[in-house]
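What follows is a short report on a single structure.
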Amino acid sequence: MKKHAIIPIFIPHKGCPNDCVFCNQKKITARNGKVTMEDVINTIETYLSTLEESSVETIEVAFFGGSFTGIPMEEQSAFLSVAKEYKDRGRIDKIHMSTRPDYINEEILDNLKKYDADTIELGVQSFDDEVLKKAGRGHDSSIVYKSSQLIKDYGFELGIQLMIGLPGDTMETAIYSAQETVKINPSIARLYPTIVINDTELYNMNMRGEYKPLSQEEAIKRTKEMYKIIDGAGINIIRVGLKSSDIINENGEISGNTYHPAFRQLVEGEIAKERVEDQLLAAGLAGEADLNSAKADQRDKGRDCRIKVDVFSSPNSFSNMVGHKACNKTYFAHKYPHLSLAFRTDEELGVNRYRIKVKE
């Protein structure tokens, strides 16, 4: 049974007069024009027609696509009143929105409390002030700490969204952003590699040679290190990478190689490979001496002398352990031909946790 479902309400380019270099809201949200109350009701009803039959534990209405708390207060209230009515009737469980860190204050939070909102995600993108400046965010990192604390003081669930590979971003600034996220300790986090969308300043910068998108390999590498820091602190990472539905007509409207429909699995698969390999090395099974000895034994005895090892994951992490398109299986088979790995599940293991066992 699916535990959590989000009903997304996209409000394109609403409430945000700032044009960040990476942003073209019309393409990100695949929406144009004004969103009406009828649109909101129709969207909720369409999703509920399926969700209410599927026994989902938690259903959220989430306002995405712009800076929700930056739109006029009466419009916020109108949208929120619709969501609250569904919550009061027990048809949804939570109300959720995303916004900018500089669009949070006590008046805004008082109004969100009035309409029984639950979760506020901040589009932080980076904690490095130079990266924020180059991205055209219009604020520095100090407002993030202030807004985050205010949100938590009001009792809302806090989310932090980070981007990887913005202009000026490095592995060091990416890790710093992950570490600062841990200090703030939000309930949830999202990690997005930067996508170059056409008709944005970032696209123009790329065309002028002033910006180079990360390679997919580097995007995975940086995201992996951030993921380990944030996940290791017990923060729930609810998304890694954009969904295909977040981008309209991705063929021809995005540039670079950082978009991948299975980006999360690529990242989590790399983490799985790293954790399994660390255990093989710690057990003395993956050293050069072992490899040379095994090759010699096979030549001398003319038979399979490989060491048999079971590798375990939780059922939910099995695909990560094996890797996208079985890339981890291929990696271990090529790098450690003296080992025969069998991939299995263990219900007692947590998500993204792995263990090995040498077979007698």
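Under the 3.5 Å distance criterion, the side-chain polar atoms of S148 are left unmatched by any main-chain donor or acceptor of Y145. Under the 3.5 Å distance criterion, the side-chain polar atoms of N236 are left unmatched by any main-chain donor or acceptor of S187. A donor-acceptor pair is defined here as one N or O able to donate and one able to accept, closer than 3.5 Å; such a pair exists between the side chain of S49 and the backbone of T46. In this structure a side-chain-to-backbone donor-acceptor pair under 3.5 Å is present from K152 to N185. Within the 3.5 Å criterion, the main-chain N or O of I71 finds a donor-acceptor partner in the side chain of Q76. With hydrogens and angles ignored, the 3.5 Å screen pairs no side-chain donor or acceptor of E60 with any backbone N or O of H96. Judged by distance alone, the side chain of D169 and the main-chain N or O of I164 form no donor-acceptor pair under 3.5 Å. Judged by distance alone, with hydrogens and angles left aside, the side-chain atoms of D39 form a donor-acceptor pair with the main-chain N or O of T36 at under 3.5 Å. Distance alone, capped at 3.5 Å, is enough to place a donor-acceptor pair between the S147 side chain and the P101 backbone.
Taking the charged nitrogens against the carboxylate oxygens, D231 and R353 do have a contact shorter than 4.0 Å, which makes a salt bridge. Checked for salt-bridge contact, R264 and E268 meet the test: a charged N lies under 4.0 Å from a carboxylate O. Taking the charged nitrogens against the carboxylate oxygens, R222 and E218 do have a contact shorter than 4.0 Å, which makes a salt bridge. A salt bridge does not link K84 with D116: none of the charged nitrogens is closer than 4.0 Å to a carboxylate oxygen.
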Please evaluate residues K221 and E217 with respect to the criterion salt bridge (charged side-chain N to carboxylate O under 4.0 Å, His left out), reporting the C-alpha separation (whole Å), side-chain torsions for both, the decisive distance (0.1 Å), and the verdict. CA-CA 6 Å; K221 182 179 178 182; E217 180 181 3; over 6 Å; no

Under the criterion side chain to side chain contact (heavy atoms under 4.5 Å, CB included), I'd like the reasoning laid out for T99 against L122: C-alpha separation, chi angles, the key distance, then a yes or no. CA-CA 5 Å; T99 193; L122 296 180; 3.9 Å; yes

Can you check side chain to side chain contact (heavy atoms under 4.5 Å, CB included) on I184 and V124, steps first, answer last? CA-CA 12 Å; I184 288 175; V124 173; over 6 Å; no

The test is ring pair (Phe, Tyr, Trp, His ring centres under 6.0 Å); show your working for Y103 and F68 and say whether it passes. CA-CA 9 Å; Y103 287 163; F68 183 80; over 10 Å; no

Candidate pair Q125 and Y192, rule side chain to side chain contact (heavy atoms under 4.5 Å, CB included), full reasoning: CA-CA 9 Å; Q125 321 315 0; Y192 294 127; 5.6 Å; no

Evaluate the criterion salt bridge (charged side-chain N to carboxylate O under 4.0 Å, His left out) for residue pair K273 and E270; output intermediate values, then yes/no. CA-CA 5 Å; K273 182 178 74 175; E270 281 295 305; 3.3 Å; yes

Test D118 against D93 for side chain to side chain contact (heavy atoms under 4.5 Å, CB included), laying out the working first. CA-CA 9 Å; D118 299 277; D93 304 288; over 6 Å; no

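S314 and N316 form no side-chain donor-acceptor contact under 3.5 Å, judged by distance and modelled atom types alone. In summary, the side chains of E107 and N111 do not present any donor paired with an acceptor at a separation below 3.5 Å, with no hydrogens or angles considered. There is a side-chain donor-acceptor pair under 3.5 Å between E157 and T119.
Remark: E74 CD is packed, more than 12 non-hydrogen atoms of other residues, nucleotides or ligands lying under 6.0 Å away. In this structure, K228 places its NZ atom where more than 12 heavy-atom neighbours from other residues, nucleotides or ligands lie under 6.0 Å away. More than 12 heavy atoms of other residues, nucleotides or ligands sit less than 6.0 Å from atom CD of E274. Sparse packing is recorded around NZ of K329, with 12 or fewer heavy atoms of other residues, nucleotides or ligands lying under 6.0 Å away.
Using a 30° and 60° split on the angle between ring planes, F343 and F332 fall in the tilted class, from 30° to 60°. Aromatic ring orientation, Y176 versus F127: perpendicular (interplanar angle above 60°, classes split at 30° and 60°). Y336 and Y331 have perpendicular rings, their planes meeting at more than 60° on a 0 to 90° scale where under 30° would count as parallel.
With a 4.5 Å cut-off on side-chain heavy atoms, V322 and N328 do not count as touching. Side-chain contact between I120 and Y154 is absent, with no heavy-atom pair separated by less than 4.5 Å. With a 4.5 Å cut-off on side-chain heavy atoms, K146 and I143 count as touching. In this structure, Q216 and L266 have side chains that are in contact, with non-hydrogen atoms separated by less than 4.5 Å. Residues R190 and I238 are in side-chain contact: their nearest non-hydrogen atoms beyond the backbone lie under 4.5 Å apart. For the pair P186 and T181, the minimum side-chain heavy-atom distance is below 4.5 Å. For the pair M205/V196, no side-chain contact is recorded, criterion being any heavy-atom separation below 4.5 Å from C-beta on. The closest side-chain heavy-atom distance from I104 to T69 is below 4.5 Å.
Annotation: the span from S55 atom OG to E53 atom CD amounts to 8.5 Å, rounded to 0.5 Å. Rounding to the nearest 0.5 angstrom, the gap separating the CG atom in D310 from the CZ atom in R344 is 4.5 Å. In this structure, CE on M97 lies 11.5 Å from CZ on F79, to the nearest 0.5 angstrom. In this structure, I271 CD1 and Y227 OH are separated by 5.5 Å, a value rounded to the nearest 0.5 Å. Rounded to the nearest 0.5 Å, atoms CG (D128) and CD (E130) are 7.0 Å apart. The distance from atom CD1 of I9 to atom OH of Y47, rounded to the nearest 0.5 Å, is 8.0 Å.
Looking at every heavy atom in both residues, I44 comes nearest to V82 through CD1-CG1, 4.3 Å. Pairing each heavy atom of R137 with each of C20, the nearest pair is NH1-SG, 3.1 Å. Contact between A262 and H324 at its shortest, heavy atoms only, is CB-CE1, 3.8 Å. The minimum heavy-atom distance between L202 and P167, with the atom names listed, is CD1-CG, 3.6 Å. In terms of heavy atoms, P8 sits closest to F64 at CB-CD1, 4.2 Å. Between Y354 and N320, the closest heavy-atom pair is OH-CB, 3.7 Å.
Hydrophobic clustering keeps V351 apart from I235 (ILVMFWY residues linked when any side-chain heavy atoms are closer than 4.5 Å, directly or through intermediates). Note on V144 and I188: separate hydrophobic clusters, where clusters join Ile, Leu, Val, Met, Phe, Trp and Tyr whose side-chain heavy atoms are under 4.5 Å apart, directly or indirectly.
Cation-pi geometry between R91 and Y86 is not met at under 6.0 angstrom from the ring centre and within 45 degrees of the axis. Both tests hold for K113 against F156: distance to the six-membered ring centre under 6.0 Å, angle to the ring axis within 45°.
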